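Each chain gets a letter, A, B and so on, in the order the sequences are listed, and its residues count up from 1. What you see is a predicted model, and the numbers here were worked out from it, not measured in a lab.
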Amino acid sequence: MQMRTIEIVVGAFMLAGIVSLAILAFRVSGFSVGDSAGTYSVYAKFENVGGLVTRSKVSIAGVIVGQVAEIELDQKTFMARVRMEINADVNQISVDSTAAILTEGLLGGKFIGLSIGAEEAYLKDGDEIRDTQSAIVLEELIGQFLMKQF
Amino acid sequence: MLSALRNLGQFSLDLLEVLGRAGSLWWQAIWRRPRLANAPLLIRQIYQLGVLSVVITVLSGFSIGAVLALQGYNQLVKYGSESALGLGVALVLVMEIGPVVAGLLFAGRAGSAVTAEIGLMKATEQLSSMEMMGVDPLQRIVAPRLWAGFIAMPILALMFSVVGIWGSSLVGVDWLGVYEGAFWSAMQDGVDFKSHVLKGIVKSVVFGLVVTWIAVFQGYDTAPTSEGIAAATTRTVVYSSVAVLILDFFLTLVMFNF
């Protein structure tokens, strides 16, 4: 084979190595990030988010309707402020809905479950869900149970 | 009894001698850095050892990733923690299976070729005629191969891991229906670049060095007959595969702080 061809192929090989390294480093391989156009943001404050992480799913009646985009600490109330990205086609969530942090199975990851309220007005981009229910922390639960015993 | 003892002594001395020769070959060759004038030799070797191994590496990586996802999913789904699938597959691939299996494939695909090539050069006395012409065979034949293995092996291992993770996501996410966000977020959350990916790369660099070293030495040290070359090629694959597996254990022991 021509030396020039070999040089080009080896160059491509090295480039593939660097690209692999970049993929391993940033680890967004295969994940389509450019989805945010079709979503709107809804906020919720929780006393404790437990093991909720960004990209945890948001579901209504067990159907995935969005994902957690951001979790930050509200410095005034010291509650966790969670930004959820809800798919744009799910646009009839009433304003008095409840957001609860639930666990997938006994050991599974956390996700947010939305229970729909009765109000006629619907959540828009930037709205906040008032009624929230924090993650159940197993240790606290056990602690409360023990306290009641004595 | 006495003869058994003598045989043991003979065996140990032989082993030490081989180790010494292999060590000095490596030591002498590794310092003959490929000069700019010799860059084409190195590039040709990277092509031979690295580029020609890409197809087998990528294919194996993909199927191993896919199988890991299948098996892992079946176990994890019992506990409802199938969202940890991505994390488990990625950790296993990046830290262990990527470097090790890529190293084994490299030994079989590239190491054996190096041994056979150098062995044939020795059998047909090309090496001694090079020396006669004042060309240093260590500089021209051995050093480029050692350096090429050193460069190509980590790239192959990285490719193996990436393709494996891709294969596992195809099976896990697209086929078995693990939620995509959880698959990738658990992975990103649990895999650390410095303490997992980098250590995997260190492993693959070591494997690349050891495999090409064994391959080059077996070729250089072969009996100059066709049987000799056959035996040397077999020894290369066997020794370097065993070396990769044993070294992997000790590297894991040292690097991951057990």
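Between A:F13 and B:L52 there is no side-chain heavy-atom pair separated by less than 4.5 Å.
For A:E7, the CD atom is densely surrounded, since the number of other residues' heavy atoms within 6.0 Å is greater than 12. Within 6.0 Å of CD in A:E120 there are 12 or fewer heavy atoms belonging to other residues, nucleotides or ligands. For B:Q126, the CD atom counts as densely surrounded, since its 6.0 Å shell holds more than 12 non-hydrogen atoms of other residues, nucleotides or ligands.
At a 4.5 Å heavy-atom cutoff, the contact between B:I151 and chain A is made by side-chain atoms alone. Residue B:V51 touches chain A through both its backbone and its side chain, counting heavy-atom pairs closer than 4.5 Å. Contacts of B:A84 with chain A are absent, with no heavy-atom separation under 4.5 Å from either backbone or side chain. Contacts of A:V10 with chain B are made by both backbone and side-chain atoms, with heavy-atom separations under 4.5 Å. For B:I201, the part lying under 4.5 angstrom from a heavy atom of chain A is the side chain only. Within the 4.5 angstrom heavy-atom criterion, atoms from both the backbone and the side chain of B:A152 approach chain A.
To the nearest 0.5 Å, the span separating CD on B:Q45 from CD1 on A:I6 amounts to 10.0 Å. Atoms CD and OG, from A:Q67 and B:S185 in turn, are 8.5 Å apart once rounded to the nearest 0.5 Å. Expressed to the nearest 0.5 Å, how far CD1 of A:I64 lies from CD of B:E180 amounts to 10.5 Å.
Ranked by heavy-atom pairs shorter than 4.5 Å toward chain B, the options A:L21, A:T54, A:V53, A:V19 are led by A:L21.
The nearest pair of heavy atoms linking B:M159 to A:A16 is CE-CB, 3.1 Å. Shown here for B:L158 and A:S20, the closest heavy-atom pair between the two residues is CB-CB, 3.8 Å.
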